[in-house]
Number of protein chains: 4
Amino acid sequence: MVGRRDAKATATAAPEAAVPPASKEPRTERGRRTLRAILDAAAEEFGEKGFHDGSIAGITRRAGVALGSFYTYFDSKDEVFRALVRDMSQQVKEHVGPAIRAATSQIDAERAGLLHFIRFARAHKEIYRIIDEAEFVDPESFRMHYATTADRIAARLREAADRGELRDDISEVHAWAIMGMNVFLGLRYSVWAEDADPEAIADVVASMLARGIAR
Amino acid sequence: MVGRRDAKATATAAPEAAVPPASKEPRTERGRRTLRAILDAAAEEFGEKGFHDGSIAGITRRAGVALGSFYTYFDSKDEVFRALVRDMSQQVKEHVGPAIRAATSQIDAERAGLLHFIRFARAHKEIYRIIDEAEFVDPESFRMHYATTADRIAARLREAADRGELRDDISEVHAWAIMGMNVFLGLRYSVWAEDADPEAIADVVASMLARGIAR
Amino acid sequence: MVGRRDAKATATAAPEAAVPPASKEPRTERGRRTLRAILDAAAEEFGEKGFHDGSIAGITRRAGVALGSFYTYFDSKDEVFRALVRDMSQQVKEHVGPAIRAATSQIDAERAGLLHFIRFARAHKEIYRIIDEAEFVDPESFRMHYATTADRIAARLREAADRGELRDDISEVHAWAIMGMNVFLGLRYSVWAEDADPEAIADVVASMLARGIAR
Amino acid sequence: MVGRRDAKATATAAPEAAVPPASKEPRTERGRRTLRAILDAAAEEFGEKGFHDGSIAGITRRAGVALGSFYTYFDSKDEVFRALVRDMSQQVKEHVGPAIRAATSQIDAERAGLLHFIRFARAHKEIYRIIDEAEFVDPESFRMHYATTADRIAARLREAADRGELRDDISEVHAWAIMGMNVFLGLRYSVWAEDADPEAIADVVASMLARGIAR
DNA sequence: CATGAATGAGAGTTCATTCAT
DNA sequence: TATGAATGAACTCTCATTCAT
């Protein structure tokens, strides 16, 4: 059901991934509007109910189009989901990236990354339901998301180390550790409850990265 | 296979979670054996296929019992899953706890926690599929698992801070950060690939906790 | 609770139907007690839930015996039900018959029949659920119940006509009409609501039988 | 299970009773044909086998549509049954009502009611299996059917009494008595066996209503 | 392109009945 | 006799996907 992950991944050459499968891109303006409506509706539906409990009927109902119209734009339920995961992944990157690049020190960059991620997650709580569920629905996208995110973090840490800003023994482990911290802090302080100030949380983590937690 | 369910199932002494619903506890020895077989089979089935693609029929087939026998011990598919999540949660705690308590310093304790968690996850890769999917299938158990884990970490950090071992501004945020690091490092170095030495990973993290990553 | 099953169970002399299948009559005193418990429990269970929603497990639970014990006394679910229908049928007859025979005039006899039937139904509301459902579960018993009841009524009307007490054109139609009236008045004023005095209802019907409803 | 009696009944003002739930009314001609086929098939299936032994598969097989198509028009097995009971109830009323209104005297009206009811029941023997089983499957509809029927009878008897055609002490009891007679005579002479002339039966009852059965 | 009816494989669940102890 | 675990056929309901209009 979910397995056929065949040629598709390679086909979508662009790293960002064309949201609808190339074969079904809308040709008319009307078509573009319908596609967007379906995509937004899918984010809502899966965000609220998850992949398995969400239904195509639910998506088209939200989008205000006929059931059959779904298949004009997507080949299967799996496919919208895949498109959605890539889309969300892309959105996080676009939202957080600039803030990181604007930082002056690397510690400050990591602080900014967490801060903006928490803010993004507060505005898009579906992101957890969607990306996390990809672990079960579309492992390929799930891996891709975290692998590239970790790679990006590792690369910038490496550069900072090379610049002499960070410890020289910096490694992939540090990247995964930082990513894990961020994800869980987002889960706790964005999705579960917004009961703490994002700036304060970012401060705590920045200080911890700067000098550890030992006295 | 999930392993030592022996002590628990018989005793059910632990207040935390009677694995089968009280109303359906087996009254004969034969019944106890069947229950154990079903539970182990469920861990296998869900670990391999996930909750939604796993089936009751798959479970009973693996367990070598008739389809209907499942319902002698559980009221629904959700219920075995719930039982399994609680069980795994309990197992992690039981496996990692002693190592933490045996440590001499608090940094060492956190190091030991991560080390043993990675080892546990390598031996029980299903744990990710099962606990993570609980976010969608049984949010209650999912929250419970991470909330209590974070609480436990926070409590021991606090005590260490009070003893003067850690920074005094230690908080819940640190607990969630550490938990997130551990979970993601486990995902990367236990489930995805065992391409690094657990001791080495633990060393990196311990050092990072001890003095941060700044030069 | 259904009540005096005592006299009958032991005697079973009447050709109408040994309540438990002859092949399975209990031989010990303990057995007799268990049988009685099952029978009473079945009347409760089917009276409350109906035949299809009632279950063997429900019966044995109420009776306080093991599930398997049911099959020591009855061959199937249908069989208890059959036994129950015959039993209730018999009980009505035994309860109403004497009152009818004690009447001085035939109109009075019909009045007494209705009056006692209403009273009986108020004390045994299950009778409707059980006998009526027999139409679907055990048509044979259902037909038997109403056919013999109608025959009995027809016979006594005929005799009264022969004695000169009733119109000479009395027929089976009258018997069915009277039975139908009684059943529906019982449904309305015993099962649905006890919001009218049985004596008053009986008076109305008696007067109607005596001289019709025309002015 | 059967309880949810939404707002539908009131919403669908149409006196005929919206047979399918509002939310699922067919929007195309093809849909209307399918719905009708399913409804007719359900009457057959339940009429022959009763509610519990009848199956959705049996209905769709008779209707010549796919199993899933059933759920395009009804939410559950209970729901078709409910629709059917209301439908049959309506049909009896529509069949018998005109004959009653055409009568010249009230005794004649009751005679006509019985006569046409017997005829209707001969043509639609399913009516008994369906309405009677509603007592167990959908008590609400069952009560509704008999309560409104009794009310209708009571109202017309009352008017006749006010006009001076009937005894002045006419009451609800008379209405239930007449309804019971009719139902049982229909059972006996329409469903069980058509071994008597409906006109003759109606004559007997009319005479009984006119002047009673006493000599 | 859009529509919505039709399809049918598939899964969870129930429960009467059997049987080993 | 009593017990309660085991069995598996049967059934309802879901929903992704197809297709005629």
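Quantities reported herein were computed from a predicted structural model and do not represent experimental measurements. Lettering of chains follows the sequences in order, A, B, ..., and the numbering in each one begins at 1.
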Remember a base hit wins even if backbone is also touched, and classify [X] as base, sugar-phosphate or nothing at under 4.0 Å, heavy atoms.
X	value
D:Ile56	sugar-phosphate
A:Ser69	base
C:Gly31	nothing
B:Gly54	sugar-phosphate

Rounded to whole angstroms, how far apart are [atom1] on [X] and [atom2] on [N]?
X	N	atom1	atom2	answer
B:Asp78	E:dA11	CG	P	16 Å
B:Glu45	E:dA11	CD	P	10 Å
B:Asp75	E:dT14	CG	P	8 Å
B:Tyr73	E:dT13	OH	C1'	17 Å
D:Arg33	E:dA6	CZ	C1'	13 Å
D:Arg61	F:dC11	CZ	P	9 Å
A:Glu79	F:dT17	CD	C1'	14 Å
C:Ile38	F:dT3	CD1	C1'	12 Å

Can you tell me if the side-chain N/O atoms of [X] get under 4.0 Å from OP1 or OP2 in [N]?
X	N	result
D:Thr72	E:dG4	no
A:Thr28	E:dC1	yes
B:Tyr71	E:dT13	yes
D:Thr34	E:dA6	yes

Tell me the partner of F:dA16, counting only Watson-Crick (N1-N3 plus N6-O4 or O6-N4) or G-U wobble (N1-O2 and O6-N3) with both under 3.5 Å; none if nothing fits. E:dT7
Under 3.5 Å for both donor-acceptor distances, Watson-Crick or wobble: does E:dG12 have a partner, and if so which one? F:dC11
Using the side-chain heavy atoms of [X], tell me which of these nucleotides is nearest: [options].
X	options	answer
D:Val65	F:dA6, F:dG4, E:dT7	E:dT7
B:Arg30	F:dT1, F:dA6, F:dA16	F:dA6
B:Ser55	F:dA16, E:dT13, E:dG12	E:dG12
C:Ala66	E:dT13, F:dT3, F:dC13	F:dT3

Per nearest nucleotide of DNA chain E, the residue lying toward the 5' end, A:Leu67 or B:Phe51, is A:Leu67
First of B:His52 and D:Gly64 reached from the 5' end of DNA chain E, by closest nucleotide: D:Gly64
Anything under 30° is parallel, anything over 60° is perpendicular, the rest tilted; go ahead and classify D:Phe46 against D:Phe51. tilted
Between the side chains of A:Arg32 and A:Glu29, is the shortest nitrogen-to-carboxylate-oxygen separation below 4.0 Å, so that they form an ion pair? yes
Among A:Arg62, A:Lys77, A:Arg129, A:Arg61, whose salt bridge (charged side-chain N to carboxylate O under 4.0 Å, His left out) with A:Glu45 holds? A:Arg62
Looking at every heavy atom in both [X] and [Y], which two are closest together, and how far apart are they?
X	Y	value
A:Ile59	A:Ile38	CG2-O, 3.7 Å
B:Tyr73	B:Pro26	CE2-CB, 3.8 Å
D:Ala66	D:Thr60	O-CG2, 3.6 Å

Where each residue is assigned the nucleotide of DNA chain F containing its nearest heavy atom, which of C:Gly68 and A:Lys77 is assigned the position nearer the 5′ end? C:Gly68
